[in-house]
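Note that the structure is a prediction, hence the values are computed from the model and not measured.
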Amino acid sequence: MEPKRLLRPLPHLDRRPLQHLLLIGIGATLAIGALIGVAWAAGFERVLDLGSHFDGTWLPIAFGFEVAAYVGYIIAYREIVRVEGGPSMGLARAGAIVAAGFGVFVIRGGFVVDRVALEQAGIEPRVARVRVLGLGALEYAVLAPAAAVAAMIVVARGTTHPGLGFTLPWVIAVPLGLTAAILALAYRDRVQGRSGWRNLVCHGLDALHMLRRLAEQPSQHGGAFLGTALYWLGDIACLWACLRTFHDTPDLAALVIGYATGYALTRRTLPLGGAGTVEALVSFALAWTGVPLANAVLAVCAYRFFNLWLPLLPAVLGLRHLKQWRDVIEAG
């Protein structure tokens, strides 16, 4: 394989500091605008009153949970890279890619960083796309069943929050989706080598096949599922600690449902790290599960500080590392 074939443009690596600051400004504007809008819906007076009586002892705990979440994602990422004979990737490089992908510097979403970085690591372009799709599938393969179990618990209790409109879709759709995915894999060979929409379907089926390969080799690739579980657990726990900061003790099953609903699209798939979108969706999703909206918007504000804004420095360092990596490949 010719090295030059692996190189793809990474325009976000070549942006100047002022351009990065502009993207940060845009992301911050979207996030603040969304939070102000939700605060208006909750009542500014109520939000300001709650915000002046917070319990700061939970904030370091939230930070620790978020660090654990990032560690889990790095572990899962390395497994995605090396499955089925892929190259081994060091912790520093995997951490750089993960940090850069979660930042606000990538307009088209973090999966763009993943795809190009995998190609530069020596993976064929098509295989790189499949692995990126597989990474997204892995995220939902862990989160969706957890949300379905949480929904079943809530339905079994017979409680009114969250309502059936929140719980039944998870109870019904997740088992149906799993069954459909297993049945679809039986037709994977029939769409191989096709063009058009069949090629897109083939990419999706290849990603599901890769996920199955991970599950079939737990001794070799169990870290993929364990790392993803740690990521979701740490991120949800961070949100839980932020809710406790503003004097709300959410029901854990309801919290998982609200979190999963608010993250119908993960922040790695969304532009600019989901700035603005996540603030609004997660706040309202928590409110629909029974958390007072004023508590929810304040908790989400704190959560996004640990989840998106505090990791800006690692994201900058990650982009710098990737640029140096690309320059080394081009020089070679």
Legend entry - Step-by-step side-chain contact (heavy atoms from CB on, under 4.5 Å) determination, Trp309 to Ile24: CA-CA 9 Å; Trp309 300 111; Ile24 292 173; 4.2 Å; yes
Inset, instruction - Output, in order, the C-alpha distance, side-chain angles, deciding distance and verdict of side-chain contact (heavy atoms from CB on, under 4.5 Å) for Arg78 and Arg82. - result: CA-CA 6 Å; Arg78 294 181 71 206; Arg82 73 183 190 89; 5.7 Å; no
Legend entry - Nearest atoms (heavy-atom pairs only) where Gly27 meets Ala275: O-CB, 3.4 Å
Inset, instruction - Would you check, one step at a time, whether the test side-chain contact (heavy atoms from CB on, under 4.5 Å) holds for Ile236 with Leu255? - result: CA-CA 8 Å; Ile236 293 172; Leu255 176 61; 4.1 Å; yes
Inset, instruction - Find the distance between CG (Leu226) and CG (Leu230) and round it off to the nearest 0.5 Å. - result: 9.0 Å
Inset, instruction - Taking the side chain as every heavy atom from C-beta outward, state whether Phe284 and Leu293 have any atom pair closer than 4.5 Å. - result: yes
Inset, instruction - Please report the shortest heavy-atom distance between Ala99 and Pro314, naming the atom on each side. - result: CB-O, 3.6 Å
Legend entry - Interatomic spacing from CG in Leu91 to CD1 in Ile75 - rounded to 0.5 Å: 8.0 Å
Inset, instruction - Taking all heavy atoms of Gly262 and all of Ala285, pick out the closest pair and write down the distance. - result: N-CB, 3.8 Å
Legend entry - Reported NE2-to-CG distance for the pair His247 and Asp55, which is rounded to 0.5 angstrom: 6.0 Å
Legend entry - Heavy-atom neighbours of Glu216 CD exceed 12 at 6.0 Å: yes
Inset, instruction - Report yes if some heavy atom in the side chain of Arg93 is under 4.5 Å from a heavy atom in the side chain of Val81; otherwise report no. - result: no
Legend entry - In one Ile/Leu/Val/Met/Phe/Trp/Tyr side-chain cluster, 4.5 Å: Val67, Phe305: yes
Inset, instruction - Looking only at non-hydrogen atoms, find the nearest pair between Ala254 and Thr289 and report the distance. - result: O-CG2, 3.7 Å
Inset, instruction - Following the transitive rule for hydrophobic clusters with a side-chain heavy-atom cut-off under 4.5 Å over Ile, Leu, Val, Met, Phe, Trp and Tyr, establish whether Ile172 and Val154 coincide in one cluster. - result: no
Inset, instruction - On the 0 to 90° scale, with breaks at 30° and 60°, tag the Trp240-Phe65 ring pair as parallel, tilted or perpendicular. - result: perpendicular
Legend entry - Exercise: identify the closest heavy-atom pair between Leu286 and Ala296: CB-CB, 4.0 Å
Inset, instruction - Give a yes or no answer on whether the side chain of Thr261 reaches the backbone of Gly258 with a donor-acceptor pair at less than 3.5 Å. - result: no
Legend entry - Nearest-0.5 Å distance, CG of residue Leu118 to CD1 of residue Ile123: 4.5 Å
Inset, instruction - Mind running side chain to side chain donor-acceptor pair (under 3.5 Å) on Glu66 and Tyr303 for me, showing each step along the way? - result: CA-CA 9 Å; Glu66 194 59 34; Tyr303 160 74; 5.4 Å; no
Inset, instruction - Give the C-alpha distance, both sets of side-chain angles, the deciding distance and a yes or no for side-chain contact (heavy atoms from CB on, under 4.5 Å) between Met210 and Ile80. - result: CA-CA 9 Å; Met210 187 189 68; Ile80 284 289; 3.6 Å; yes
Legend entry - Rounded distance (nearest 0.5 Å) linking atom CG of Asp235 with atom CG of Asn307: 5.0 Å
Inset, instruction - Would you indicate whether the side-chain heavy atoms of Ile97 and Met89 approach each other to under 4.5 Å? - result: yes
Legend entry - Minimum side-chain heavy-atom gap Leu50-Phe54 below 4.5 Å: no
Legend entry - Student check: side-chain heavy atoms of Leu205 and His209 closer than 4.5 Å: no
Legend entry - pair Leu59-Phe306: side-chain heavy atoms closer than 4.5 Å: yes
Legend entry - Atom CZ of Phe225 with >12 non-hydrogen neighbours under 6.0 angstrom: yes
Legend entry - Leu135 reachable from Leu133 in the ILVMFWY side-chain graph, under 4.5 Å edges: no
Legend entry - Hydrophobic cluster identity match, Phe44 and Phe246, side-chain contacts under 4.5 Å: no
Inset, instruction - Mind checking the CD-OG1 spacing from Glu139 to Thr228? Nearest 0.5 Å is all I need. - result: 7.0 Å
Inset, instruction - Is it possible for you to say whether Leu239 and Val142 belong to one hydrophobic cluster, with membership spreading through side-chain heavy-atom contacts below 4.5 Å? - result: yes
Legend entry - Note, Asp206 side chain near Arg126 side chain (heavy atom, < 4.5 Å): yes
Legend entry - Leu178 side chain near Val174 side chain, heavy-atom distance below 4.5 Å: no
Legend entry - Taking every non-hydrogen atom, the tightest pair across Ser283 and Val297: OG-CA, 3.8 Å
